[in-house]
> 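Handing you a structure now.
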Number of protein chains: 2
Amino acid sequence: MAGTRLDPIDRKILAELQADGRMTNVELAKRVGISAPPCLRRVRTLEESGYIRGYHADVDSRELGFEVQVFAMVGLNSQAEADLSAFEELCRCWSLVRECHMLNGEVDFILKCVAPDLSTFQSFLTEDLLKAENVASVKTSLVIRDAKDEPGVPFDVLEERISRNA
Amino acid sequence: MAGTRLDPIDRKILAELQADGRMTNVELAKRVGISAPPCLRRVRTLEESGYIRGYHADVDSRELGFEVQVFAMVGLNSQAEADLSAFEELCRCWSLVRECHMLNGEVDFILKCVAPDLSTFQSFLTEDLLKAENVASVKTSLVIRDAKDEPGVPFDVLEERISRNA
DNA sequence: TGATTTTTGAAATATTATTGCGCAATCTCC
DNA sequence: GGAGATTGCGCAATAATATTTCAAAAATCA
């Protein structure tokens with residue numbers, strides 16, 4: 001079912017649910033122009049086929065006391081697959097690390113981290129990250145402020161691209 | 001209402017909704033150990049007070065054809081507030097830019113971008129980003145793979161921290 | 001074109017969300 | 001310490017939504 005192409009209604013559903021993941025199925029159906037039952041079936045299919053990975057409340061971490069956000073560029077000593085995987089597994093265990101992406105180029109990984117305060121981050125940095133097996137170098141940058149933070153799919157680009165190729 | 005401290009039930013609600021934003025209120029109430037009506041009232045309060053910014057479906061962008069993910073480190077010529085703001089406003093307009101964070105240190109901004117393919121990204125890079133007013137330098141890194149991608153609050157850290165300070 | 005497969009939507013049913021309200025616990029201020 | 005005010009709970013009733021069922025419409029294909 002993976003290769004199934006999506007029709008315009010499916011894409012509209014994805015766009016709407018990306019914008020508001022708690023929209024009722026009735027409202028969603030109205031917006032995409034079909035009745036509720038087929039709309040719900042489409043949503044289920046999109047979930048089962050992996051187009052929708054899940055739904056998440058967007059919780060304000062600063063309000064909860066996580067005032068510090070940091071990007072860490074990490075270089076490793078060995079880039080053997082086993083060593084890369086080992087580092088990734090470590091990242092999955094560290095709660096303060098919210099994202100871990102492997103990169104091309106000089107740096108091997110970029111991590112997005114959060115912490116309640118600088119000292120908490122510093123102790124994570126010196127006690128965990130820098131002491132971790134195979135870590136050669138870490139460069140960190142504090143986030144001053146967020147101008148845009150909308151992970152997800154740019155559906156306007158997708159639609160434009162589809163209509164061009166149609 | 002901003003400074004209102006949250007009780008353990010509120011935090012549990014946030015944690016549950018962060019993990020599954022479409023959970024029914026009945027299920028949520030069951031999990032946090034209160035009945036449905038007060039649970040719903042708490043959720044509404046959390047939404048209105050800004051602890052919950054919204055809900056979003058997590059859509060698989062690769063499945064939709066966005067195969068390329070890139071981090072771009074941007075340096076500007078001028079760091080005057082007006083110039084910083086102007087660049088941020090540009091980023092908000094660019095659909096391919098999903099995140100824009102201002103950093104301390106040598107680099108001024110880090111952008112997370114997506115694109116259907118490399119050539120699309122390249123043309124964005126050369127036609128838009130590099131030609132933009134005040135942009136001095138851009139260094140890009142392609143994402144090879146994601147080891148972890150869980151934006152949000154590490155509630156385990158939060159709870160540990162609260163119990164320690166209790 | 002006609003048979004086959006898919007998808008739809010009206011209607012019925014099951015669940016869930018929401019409101020109203022009285023009760024109990026906690027606070028507050030004498 | 002205690003009366004009144006405040007807060008938060010949960011039961012019960014109602015409104016709305018989700019989900020199933022099924023016959024008809026639409027799309028697909030030989």
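Because the structure is predicted, anything quoted here is derived from the model rather than measured. So that the names make sense, note that chain A is the first sequence line, chain B the second, and so on, each numbered from 1.
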> Taking atom C1' of dT19(D) as reference, at what distance in whole Å does atom CZ of Arg42(A) sit?
17 Å
> Can you confirm whether or not the ring centre of Phe71(A) sits under 6.0 Å from the ring centre of His101(B)?
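So the answer is yes for these two rings.
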> Tell me the interatomic distance from Ile9(A), atom CD1, to dA27(D), atom P, rounded to whole angstroms.
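In whole Å, dA27(D) P and Ile9(A) CD1 are 11 Å from each other.
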> Identify the heavy atoms of Ser95(B) and Val157(A) that sit nearest to each other, and give their distance.
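Of all heavy-atom pairs spanning Ser95(B) and Val157(A), the closest is CB-CG2, 3.5 Å.
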> With the threshold set at under 4.0 Å for non-hydrogen atoms, list the residues of residues 24-41 of chain A touching DNA chain D in residue-number order.
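Residues of residues 24-41 of chain A that come under 4.0 Å of DNA chain D are, in numerical order, Thr24(A), Asn25(A), Val26(A), Pro37(A), Leu40(A).
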> Mind jotting down which residue pairs meet the side-chain hydrogen bond (donor to acceptor under 3.5 Å, both in side chains) criterion with at least one end in residues 12-25 of chain B? Sequence neighbours excluded, please.
Glu16(B)-Arg31(B)
> Separation of Arg44(B) atom CZ from dG8(D) atom P, in whole Å?
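About 17 Å, once rounded to whole Å.
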> Using whole Å, report how far CZ of Arg22(A) lies from P of dT18(C).
9 Å
> Work out which heavy atom in Val32(A) is nearest to a heavy atom in Cys39(A); give both atom names and the distance.
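Reported closest heavy-atom pair: CG2-SG, 4.3 Å.
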> Ring centroids only, cut at 6.0 angstrom: are Phe87(A) and Phe109(A) within range, meaning strictly under it?
yes
> Quickly work out the Asp7(A) CG to dA26(D) P distance and round it to whole Å.
16 Å
> Taking all non-hydrogen atoms of both residues into account, name the closest pair between Val97(B) and Cys91(B) and its distance.
CB-O, 3.9 Å
